[in-house]
Amino acid sequence: MSKEDRRENYSLFSLALQEKLHADFLEYGVSLEKFIVTSIVKPEDNKDYRRFKEIHFRQYADIAEAKLRQQIGIIEQQTKAQQMVIEAEGISKKRALEGYTYQDERRFDVAEKVAENESTGELANIGIGMGMISGIGGTFGSSVGNIVENAMEKATEPLILQRMGLNLLSNPPK
């Protein structure tokens, strides 16, 4: 704080004290015309004052530290968000250069999972897997998908009918 600011504060403090003390002095028959504060001496040797000063400092230091931690957290979150965007853009460009999309990649993942589980569901997994793969290659995939779908319907129809108790192959209609 500059000397000029300190003088201004002392003047304001002096006026405020003069107004507060004026009535008290009048009770004793003394008129308080001027009241000037020229300095404030801090009782550095007083243990209560030192404790108050320490608490006051700690309070503001704790608030400043909390604000700083909050700002650091915000900056870290913004950095992570920017990293995710940059990474996603990089992956997208890589896919585009390699000639496939995110949806294509997901289809590949599903087909891979189906291939890993080929023992469960038997023909159904093949049909699902081929159906997922059929979306990968555009027109060619669509054609393959239709062929596989028709073949799967023909292959599974006798099994479904047999499970329903209608074995058409062993008991032809008369």
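Residues passing the side-chain hydrogen bond (donor to acceptor under 3.5 Å, both in side chains) test with Thr79, sequence neighbours excluded: none. Listed by chain and number, the residues in a side-chain contact (heavy atoms from CB on, under 4.5 Å) with Glu4 are Ser2 (sequence neighbours excluded). For Leu97, the side-chain contact (heavy atoms from CB on, under 4.5 Å) test picks out no residue, with sequence neighbours left out.
Note that CD of Glu98 and NZ of Lys93 are 14.5 Å apart. Values are rounded to the nearest 0.5 Å. The OH atom of Tyr10 lies 11.0 Å from the NZ atom of Lys3; values are rounded to the nearest 0.5 Å. The CD1 atom of Ile36 sits 9.5 Å away from the CG atom of Leu15 when rounded to the nearest 0.5 Å.
Heavy atoms only, all atoms of each residue included: Phe13 and Val37 are closest at CD2-CG2, 3.7 Å.
Within 6.0 Å of CD on Glu8 lie no more than 12 heavy atoms contributed by other residues, nucleotides or ligands. Crowding of Gln70 atom CD: a count of heavy atoms from other residues, nucleotides or ligands under 6.0 Å not exceeding 12.
Salt bridge Glu65/Arg69: present, at least one basic N to carboxylate O contact under 4.0 Å.
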Test side-chain contact (heavy atoms from CB on, under 4.5 Å) on Arg106 and Gln103; report intermediate values, then the result. CA-CA 5 Å; Arg106 296 287 65 91; Gln103 290 79 10; 5.7 Å; no
Under the side-chain contact (heavy atoms from CB on, under 4.5 Å) rule, what do Asn9 and Arg6 come out as? Steps first, then yes or no, please. CA-CA 5 Å; Asn9 286 339; Arg6 208 171 314 156; 5.7 Å; no
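Listed by first and then second residue, the ring-ring contact (aromatic ring centres under 6.0 Å, His included) pairs that reach into residues 85-105 come to none, sequence neighbours excluded.
Hydrophobic clustering (side-chain heavy atoms under 4.5 Å, transitive across Ile, Leu, Val, Met, Phe, Trp, Tyr) groups Phe35 together with Val30.
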Please table the atom pairs, donor to acceptor, closer than 3.5 Å between any side-chain atom in residues 38-58 and protein atoms at least two apart or in another chain.
from	atom 1	to	atom 2	distance (Å)
Glu44	OE1	Lys53	NZ	3.4
Glu44	OE2	Lys53	NZ	3.4
Asn46	OD1	Asp48	N	2.7
Asn46	OD1	Tyr49	N	3.2
Arg50	NH1	Glu44	O	3.4
Arg50	NH1	Asp45	O	3.2
Glu54	OE2	Arg58	NH2	3.3

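Other residues sharing the hydrophobic cluster of Ile72, ordered by chain and number and joined by side-chain separations under 4.5 Å: Leu68.
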